[in-house]
Structure formats: structure tokens, C-alpha cells
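Accompanying notes for the structure given below.
Treat the numbers as computed from the prediction; the structure is a model and nothing was measured. Order of listing sets the numbers, starting from 1, for every ligand and every atom in it.
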Amino acid sequence: MLTTAPRGTKDIMPADVKAWRYLEETMRRICAQYGYKEIRTPVFEHTELFLRGIGETTDVVEKEMYTFNDRGNRSITLRPENTASAVRAYIEHKLYAEPAPAKLFYIGPMFRYDRPQAGRYRQFHQFGVEALGVQGPNIDAEIILLAVQILQSLGLKDLKLKINSVGCPKCRPLHREKLQEFFKPHFAELCKDCQSRYDRNPLRLLDCKNPHCQELGTGAPSLEECLCDECKDHFAGLKQLLTAAGIEYEVDHNLVRGLDYYTKTAFEIQYQPLGAQSAVCGGGRYDGLIEEVGGPATPGIGFAMGMERVLLALESQNLLPDSEEFMDVFAVCPKQEYFPAVFKAVIELRRAGLKAEFDFQGRSMKAQMKQANKVNARHVLIFGEDEFARGQVVLRNMSTSEQKEIAITDIITNLQTEV
Ligand code: ATP
Ligand code: MG
């Protein structure tokens, strides 16, 4: 136990970090193009924030939160998602007083007591975006395009964008009644969770992962028939913009998203080969959230993308770039008494911006040359006995095997012209 990471967590080892950085850099670059600014919120918050901001009838709040009392007896929760925290920060720092929209993005670890399997972990990472302060479908379209552009620029294929409208507090009550009527004859067959949600939030019945509940849900009254004019217009506007941008989408009336605060637009991007973990990105509008969390009534929309799932998709399509690791110089020191000179040369090379390494353990020449190969050194500096006595060293180009003698005082100038 001491030597294994906790269930559902994993180390990201140096060999994997390259792929993560590639992904993060792509996200940051495209966010900058769209004018979204990075925010970094604490990894834990007051539990109350998530109870309010995610909703008490959601899977996340009911079963997945890492909640504990701290030493001051406050209830603290490791963030299971970042939207509630971003909204809390928006209110705390009065971003609503600045011209709308506030455009934020984040990248970081989230924590959920999920059942670990491929693409589902207890500590996982999300990239997400929030646009706060504007109504209307234009920003919804922009946000969806941002998600799509990131995935497309990574080269991913076979992704499916699904959209829906989950209505608003004006039109949902009618749908709610219709849903309850529809499920009533089958109440006894529903899973326990769905039975308890039947009264509290029947829309969530359409989101249940239990196959029998899903079967019972086929043919359920669609929210579309109940949408008020405002929600209908909003949804039509969004579809028009997506079509104008040449983005393919599918309307899925069963797409309800797990969180209570969603209004109007809901969307998900799926990569089917990931099976039960096919949701790569999920998001939507949350016009009720900011007020719910204690801020002024403000509309908002956002999404979160599962970084591990994007990486799995990239891996399965062979899209991870393999950039070669290398060192500019490896300094070989055959005699311990030369070490101060080697050390000085390496430090100077590093100060000049070059990637330089040396041996720490006074190993044999052969072992040091082997190490130089292992770190993929482009050049080797050999502090040979005869040369050293003359104030010279041997500079060897590892790809051409050419070598020349140079003055110790000229190492930097020589290497700067070579690399
Ligand atoms: P799922 O239905 O797969 O549990 P979710 O509806 O709980 O997803 P969201 O809360 O919308 O997911 O989170 C947004 C994204 O974060 C998901 O689309 C997914 O890519 C990723 N994600 C969610 N939970 C996990 C997890 N436990 N491990 C890895 N990624 C996750
Ligand atoms: Mg989940």
C-alpha cells in the first residue's frame, strides 16, 4: 500500500508529461485566440458552494464528493469540478462590475469518488471555459466552437457533437409534469436513485446510466414540445450559428447533463470508442447559477473537457507528437581533479542557454560516453589529459563523429556556432 498510489489516482511520469504539455499548450493557445483568460482557483472550497452550485440531486453531490472536516471543524470539499469555484471567484472579485462577458478558462485536477476504469479516475484533470454575463445564443456558439476547434486542431476525428435545450424555469415545470405522468406506471421498476429523483428532479431520470431506466425512458415526452418561445428562439439561433460555421451536430433530446443549474443550451462532445467514458466534453448554459451562489442575477455558459479522455482518444488515433529529447552538450571528465573545470564549463554553457550535463559519479570514460548517448547529447566535450594540460578540450559532434580541439576559453563560442 505504501508503494502504490491511492485507487483511482496515478502518477504522470516524465515520459507522459510531454503529451500533457502538448495538450495544455494547444488549449492555452486557442483560448488566447478567443480572448479567454486563465483563472486558478483553490483545489478545495467550502462544501456549501458545491451543494448550491452543483445541486443536491446530482450524482456528484450525492455520491462522489471528497468531503471532510478540517481541524477548525469547517466542512471542506476537494473540488469535483471548477464551474462553482470560477463563479465564486467571479462574485468575490466583482468581475460583474467589468464589461461583460468575463471570459475565463482553467486547467487542473478535480476529485470525484467515481468507480475507477479506463477514462474514469478519482483524481482527474479538466480543462474548462466559462463566459459570464451575456445572454443569447451567440456566446453559446462561440464556446462550442472553441471546444470543437481545440479537438480538431489536435487532429481528432470521429467526434460527435450533441446539443439540446433543457429549457428554463418558465418551461420546465410543464415538462416535469409530463415526465412524471410518463414514468408513473413504471415507478416500481425504476432504480432507487431514479425513484428518489422522481419528485425532486424528474429530468434527471433521462440521464440515468442504469440500462433498464434508459429503456423505460425511451419515448419519454421531449422537452422540445414544452419549450417557451424564448428558449425555442435561443435554440434555433444556436443551430443557425453552428450551421453557418460549418459545424456538424446532432440534436439529442435525452441530453440533460447531470447538473441542476443548466438552462437552455446543453451540449456534449463524444468519442464513441471510449464506451461508457465516451463523453470527452460536456457543458451548457447556467443562467440560474450565479444568483444561486449569492451573486447578482447573471447569465453564464461553459464547458469542461476531460483531459485524460482527450489523451486516450489522441493515443488511439496515434496523434501524440513524438518530439525527441536531447542535450546540447555532455561534458566527459576522465579525472576527478579536472572536475572543477568541467563544472565551470557546464555552468557557463547553461548560463548561455544551452542544455548541458555531466557525470556526477566519477565513472569510467566508457560509462560516461554511454551516458552521453543515453541523454542523446548532440555534442560531447572530452576533458582529456593531454589536451587539458595545454588548456584545450576535444569537442566531438555526435552525429558526424567529427572532432576538433578547442581552447577551454572558447567552449561557449564554439558551441554557440554549432547548435
Ligand atoms: P460521466 O457521465 O462520464 O461520468 P460527467 O457527466 O460526470 O461524465 P462532467 O461533470 O460533465 O462529466 O465533467 C466534464 C468532463 O470531465 C466529462 O465529459 C469527462 O470528460 C470528464 N470526467 C468526468 N468525470 C471524470 C472522471 N471520474 N475521470 C476522468 N474524467 C472525467
Ligand atoms: Mg460522472
Side-chain angles (χ1 to χ4, degrees), residues 5-10 12 20 23 27 50 53-55 57-66 77-87 105-130 143-144 146-148 150-151 154 156 159-164 166 193 197 201 203-211 213-214 252 254-262 265-286 289 301-316:
R7 187 164 145 76
T9 71
K10 58 179 185 178
I12 303 173
W20 280 84
L23 190 56
M27 289 162 166
F50 299 119
I54 298 179
T57 62
T58 56
D59 277 354
V60 172
V61 168
E62 280 180 342
K63 325 181 221 185
E64 298 173 359
M65 293 208 303
Y66 278 91
T77 295
L78 300 185
R79 62 181 186 196
E81 50 105 60
N82 214 147
T83 301
S85 311
V87 163
F105 81 91
Y106 57 82
I107 298 178
M110 309 295 154
F111 307 86
R112 295 186 192 179
Y113 198 76
D114 245 323
R115 203 165 69 81
Q117 51 202 294
R120 192 176 293 285
Y121 315 97
R122 290 183 176 169
Q123 175 173 338
F124 62 100
H125 298 75
Q126 283 182 341
F127 155 71
V129 163
E130 318 290 348
I143 284 249
I144 293 176
L146 168 57
V148 169
I150 285 175
L151 297 167
L154 293 165
L156 282 170
L159 297 167
K160 196 179 268 176
L161 167 65
K162 291 188 168 178
I163 62 170
N164 191 22
V166 297
D193 284 340
R197 288 167 187 156
N201 186 359
L203 190 62
R204 294 282 326 282
L205 269 60
L206 300 177
D207 192 28
C208 183
K209 292 205 170 71
N210 180 313
C213 295
Q214 279 177 2
D252 177 357
N254 283 339
L255 182 71
V256 298
R257 309 288 313 135
L259 311 180
D260 286 350
Y261 51 66
Y262 281 102
T265 306
F267 69 97
E268 194 164 281
I269 300 176
Q270 299 179 343
Y271 180 56
Q272 291 304 332
L274 297 178
Q277 278 69 248
S278 65
V280 165
C281 172
R285 185 164 269 285
Y286 45 76
L289 176 64
I301 175 159
F303 69 76
M305 199 178 270
M307 307 271 288
E308 283 84 354
R309 292 189 193 176
V310 176
L311 284 170
L312 283 171
L314 286 172
E315 221 169 276
S316 76

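- Atom CG in Leu274 sits 11.0 Å away from atom CZ in Arg120 (nearest 0.5 Å).
- Contact analysis leaves Glu81 out of contact with ligand 1, as no non-hydrogen atom separation drops below 4.0 angstrom.
- Below 4.0 Å from some heavy atom of Ala279 lie the following atoms of ligand 1, by number and element: 17 (C), 18 (O), 19 (C), 20 (O).
- Here the closest non-hydrogen pair linking Ile144 and Leu161 is CG2-CD2, 3.7 Å.
- The N/O atoms of Phe124, backbone and side chain alike, include none that comes under 3.5 Å of an N/O atom in ligand 1.
- Contact analysis puts Lys209 in contact with ligand 1, with a non-hydrogen atom separation below 4.0 angstrom.
- The pair Arg204-Glu62 does not meet the salt-bridge criterion, since no charged nitrogen lies less than 4.0 angstrom from a carboxylate oxygen.
- With Asp59 as the partner, the salt bridge (charged side-chain N to carboxylate O under 4.0 Å, His left out) test is satisfied by one option alone out of Arg115, Arg112, Arg197: Arg197.
- By the 4.0 Å heavy-atom criterion, Gln277 is excluded from the residues contacting ligand 1.
- Heavy-atom proximity to Gln126, at under 4.0 Å, picks out these atoms of ligand 1: 13 (O), 14 (C), 15 (C), 16 (O).
- Side-chain contact of Tyr271 with Ser316: a donor-acceptor pair under 3.5 Å is present, judged by distance alone.
- Of the polar atoms of Ala304, none of the N or O atoms is found under 3.5 Å from an N or O of ligand 1, judged by distance alone.
- Heavy atoms of Glu308 come nearer than 4.0 angstrom to ligand 1 in no pair at all.
- Closest approach of Pro109 to Gln123, counting heavy atoms only: CB-NE2, 3.5 Å.
- Here is the list of ligand 1 atoms found below 4.0 Å of a heavy atom in Val280: 18 (O), 20 (O).
- The proximity of Arg120 to ligand 1, defined as any non-hydrogen pair under 4.0 Å, involves the side chain as well as the backbone.
- Rounded to the nearest 0.5 angstrom, Tyr121 OH and Lys10 NZ are separated by 4.0 Å.
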